[in-house]
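Notes follow once the structure below has been shown.
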Amino acid sequence: MPSSDAIPDSSPDASPVTHSREWILVTGSSRGIGRAIALRLARDGYNLVLHCRSRRDAAEEVAREITTLGGESRILCFDVADRAAAKLALESDIETHGCYYGVICNAGIHADNAFPALTDEDWDNVIRTNLDGFYNVVKPLAMPLVRRRKPGRIIVMSSVSGMMGNRGQVNYSAAKAGLIGAVKALAVELAKRRITVNAVAPGVINTEMTDGVEMEEALKMIPMRRAGEAEEVAATVAFLCSKDAGYITRQTIAVNGGMF
Ligand code: NDP
């Protein structure tokens, strides 16, 4: 038997991971869904590594809220599309503080247009931020996560657009579907190490990202006839982070009001 097979790492999780102040990195936690995830995880007893690209003031506000909830946090700012910057920031944070229990790859953008009008820039920016952004963040963390020899969590924010394809979102659908493939493959590689890897695929959620969406049209596609709230996505992420979800891996969990 190869030596890696001898590691009895996939046994049920016996550690009190949920309430022991484990650290979780949430990318794009200055606002929207990422902010709701950070606050929910703080309520659940985790400490947070908050991340943003440019709105440090907004991330600092989230950090203050976490303090009032009795949690600890620190802030990292970098562009997830910048591989060198992500590597530098994450490696130096881990070197100083140790590796995290989990990472939520949430930072993302969209740049919608009918395919003939889609620009090269729209394609490149959306792929680089959403898909390369996952690689740029998870790659520096993967081996440190394994070396902890403890249960861990990698959760990736996909989208209903990546599951069903969306008009005007060829770039975004490609990136979000790519994430689902990456999650499935990485989950297999890390399963024996008790590191679960899952995707969450929200539908239409009330955040700045959907500010410009024509809601009347969108609601026709949603059996529940309402947009979701960021806290509803955060609740799913919180469950996947919990010890109770220790046997769930390689999955995509839709949070979309029955859209798909
Ligand atoms: P918001 O636009 O409200 O927030 C986006 C967050 O991502 C911000 O914190 C922003 O940081 C950060 N971010 C964006 N680009 C970069 C970058 N290049 N580098 C680092 N950070 C970046 O989005 P939502 O909260 O609505 O969306 C969060 C995730 O959920 C995204 O991946 C999105 O695709 C996905 N999603 C959203 C849906 C929705 O209906 N809202 C539906 C399905 C999926 P900063 O504030 O510093 O700019």
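All ligand and atom numbering here is 1-based and tracks the order in the structure.
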Tell me whether Asp211 at atom CG has more than 12 heavy atoms from other residues, nucleotides or ligands lying less than 6.0 Å away. yes
Taking atom types as modelled, find out whether Glu229 and Asn206 have a side-chain donor-acceptor pair closer than 3.5 angstrom. yes
Report, as yes or no, whether the 6.0 Å neighbourhood of atom CE on Met224 holds more than 12 heavy atoms from other residues, nucleotides or ligands. no
On the six-membered ring of Trp23, is Arg74 placed so that its NZ or CZ lies under 6.0 angstrom from the centre and within 45° of the ring axis? yes
Got the residues with a heavy atom under 4.0 Å of ligand 1, by chain and number? Gly28, Ser29, Ser30, Arg31, Gly32, Ile33, His51, Cys52, Arg53, Ser54, Arg55, Phe78, Asp79, Val80, Asn106, Ala107, Gly108, Ile109, Thr129, Met157, Ser158, Ser159, Tyr172, Lys176, Pro202, Gly203, Val204, Ile205, Thr207, Glu208, Met209, Thr210
Any sub-3.5 Å donor-acceptor pair from Asn198's side-chain atoms to Ile155's backbone N or O? no
Is the backbone of His51 close enough, under 3.5 Å, to the side chain of Thr27 for a donor and an acceptor to pair up by distance? no
